[in-house]
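Numbering of ligands and ligand atoms starts at 1, following listing order.
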Amino acid sequence: MPSREQSRPAAPGPPRSAAPFKVGLLGFGTVGSAFATLLEERAGEIERFNGRRPLLSGVLTRTRGNFDQILSEADLLVELIGGIEPAREYLLRAIRAGKDVVSANKQLLSQHGEELFETAREHGVRLRFEAAVAGVVPVVRVLEESLSATPIERIHGIVNGTTNFILTEMAQGSSYAEALADAQRRGYAEGDPSDDVSGRDAAAKMAILARLAFGSPVHLDDVRYEGIEHLHADDLQYARELGLGLKLIGTAERRDGGLSVRVHPAFLYAGHPLASVGGPFNAVTVESEAITEITMSGPGAGGRQTASAVLGDVVSVMTGGARPPAPPLALPLIEDVANAFYLHLDVVDRPGVLATVMQVLGEQGVSIKSVVQRGMGENARLVMVTHPILESSLRVAIERLGGFDFLRSTPRTIRVIEEEFT
Ligand SMILES: NC(=O)c1ccc[n+]([C@@H]2O[C@H](COP(=O)([O-])OP(=O)(O)OC[C@H]3O[C@@H](n4cnc5c(N)ncnc54)[C@H](OP(=O)(O)O)[C@@H]3O)[C@@H](O)[C@H]2O)c1
């Protein structure tokens, strides 16, 4: 009889293969050049556990390389050009040629994702895009693989590092303009920061996350978004008195048999897992009855950091860990959702004003959880937090308040996320 030692099969090792795994690179800017460097640095280690050595087989920029030649030579294409065209055309041509593809392009995926997913499915090709959402935080793979059997109810994300940095600075007393200038000095914000501060960049990422988490096609145009440009530093100070911190939050959640995807500034209570995420960091919280909640956080951008997420996708394809995209399952989009609100009113300080405000709010079903009233000479400031109320009902209440002469300025509202996890 063979001994236990003799009967044990040989330890599995990486398959031996001489053929390198050829990677064609489209774009050689901040991320593309960092990716090329990282690929070279890590090639030996990847070969050691995978049996094949990744090799950069061609590079395309506006002035260098030939797309057809790069496509014909590569086993996989990495797209780091950004924007819609020609990135879309190149990716479609690669997929139709049966090549696996990796992209970090949130604009493209949030506007043409279904076309790309459908084409990849038809051709049995893998399409990976970890770096398109939440920078280096590996949320795409967690949703696609680790949580693929978990029915997800809600995702909250801080998915734009620029705005998170600005809000962190404002919470420490900077004005919006000072915090934005600081973000630009440190390289966190572009010269034209409008996509970041308007919430559009975060909306693109939430469209991609919602598609992943709920399987339903979500286009960037389906996401309602608000930015941070209109926020006042004193809102942050009042909110601190109420125990709240301010973040630009993306939400994708099941509501009333449908799906709501939105981005807006929101106050969080200190116990929320996203409340402590400061500076240019990103974080995503996934909620499900089965898992309560999981929060992942990490750097939101940066050439080398983003390149490491891209290389992770390449290795995932090399090791066969990724599948072609699943077919969509359409859910209706829900526009009007209930939220708790922070409400800031500047009013004339005279008897009966607070009672009238409460009556108008009460008529629309708005009930108040906490209120801070402060006299300011002849005026007074009423800052309150409501219990959850449909956005449309609060809008009606605010329009009605606008008809009273005691209002000194346009009421300000900011949503409040109520949940705390312990
Ligand atoms: N930067 C980050 O921290 C970060 C983080 C997450 C995701 N991303 C995503 O990563 C992608 C790349 O971003 P990046 O910051 O590296 O961009 P980038 O620095 O502007 O680089 C873009 C590259 O694409 C090339 N390119 C532009 N148009 C082209 C065309 N028509 N044909 C061929 N090549 C073209 C450029 O070539 P030339 O050199 O000839 O101009 C350049 O090499 C984007 O989708 C971005 O959203 C970036």
Pull out every atom of ligand 1 sitting under 4.0 Å from any heavy atom of Ala104, numbered as shown with elements.
7 (C), 9 (C), 10 (O), 45 (O), 47 (O)
Has Thr150 got a side-chain atom pairing as donor or acceptor with Ile152's backbone, closer than 3.5 angstrom?
no
Could you tell me whether His112 and His219 have their ring centroids closer than 6.0 angstrom?
no
Kindly say whether Leu212 contributes a backbone atom to a donor-acceptor pair with the side chain of Glu144 at under 3.5 angstrom?
no
Under 4.0 Å, heavy atoms only, figure out whether ligand 1 is touched by the backbone of Lys106, its side chain, both or neither.
side chain
Is any N or O atom of Thr30, backbone or side chain, closer than 3.5 Å to an N or O atom of ligand 1?
yes
Please tell me if the side chains of Glu47 and Arg42 come closer than 4.5 Å, counting only heavy atoms from C-beta onward.
no
Atom indices of ligand 1 within 4.0 angstrom of Pro86 heavy atoms, with elements:
30 (C), 31 (N)
For the residue pair Asn105 / Ser103, report whether a side-chain donor-acceptor contact shorter than 3.5 Å exists.
no
What protein heavy atom sits nearest atom 39 (O) of ligand 1, and how far off is it?
Thr61 CB, 4.1 Å
Does either side chain, that of Asn50 or that of Thr319, offer a donor lying less than 3.5 Å from an acceptor on the other one?
no
So, is Val31 polar-close to ligand 1, with some N/O to N/O distance under 3.5 Å?
yes
For Gly82, the ligand 1 atoms with a heavy-atom partner under 4.0 Å come out as 44 (C), 45 (O)
Classify the ring geometry of Phe117 against Phe129: parallel below 30°, tilted from 30° to 60°, perpendicular beyond 60°.
tilted
Just need the protein heavy atom nearest to atom 21 (O) of ligand 1, so name the residue and atom and give the distance.
Gly29 CA, 3.3 Å
Test item: Arg412 side-chain N/O and Leu343 main-chain N/O as donor-acceptor pair under 3.5 Å:
no
To the nearest 0.1 Å, how far is atom 22 (C) of ligand 1 from its closest protein heavy atom, and which atom is that?
Ile81 O, 3.6 Å
Would you check the N or O atoms of Gly27, main chain and side chain alike, for any that come under 3.5 Å of an N or O of ligand 1?
no
Heavy-atom contacts with Gly302 under 4.0 Å: which atoms of ligand 1 show up? List them by number with element.
3 (O)
Does the protein place a non-hydrogen atom closer than 4.0 angstrom to atom 17 (O) of ligand 1?
no
For Leu80, counting its heavy atoms only, list the atoms of ligand 1 lying under 4.0 Å from any of them.
12 (C), 22 (C), 23 (C), 24 (O)
Glu287 vs Arg254, salt bridge (Lys or Arg N to Asp or Glu O under 4.0 Å): CA-CA, chis, key distance, verdict:
CA-CA 11 Å; Glu287 295 173 38; Arg254 288 184 194 277; over 6 Å; no
Taking distance alone, with no angle check, do Arg62 and ligand 1 share an N/O pair under 3.5 Å?
yes
Quick test: of every protein heavy atom, which one is nearest to atom 43 (O) of ligand 1, and how far off is it to 0.1 Å?
Phe28 N, 2.8 Å
Under 3.5 Å, side chain of Thr163 to main-chain N/O of Leu248, donor-acceptor pair present?
no
Verify, without hydrogens or angle tests, whether Thr37 (side chain) and Ser33 (backbone) share a donor-acceptor contact under 3.5 angstrom.
yes
Is there a polar contact, in the sense of an N or O pair closer than 3.5 Å, between Gly300 and ligand 1?
no
Atom 5 (C) of ligand 1: the protein heavy-atom neighbour that sits closest, reported with distance to 0.1 Å:
Thr306 OG1, 3.2 Å
Test of understanding: given a 4.0 Å heavy-atom threshold, classify the contact between Ala131 and ligand 1 as side chain, backbone, both, or neither.
backbone
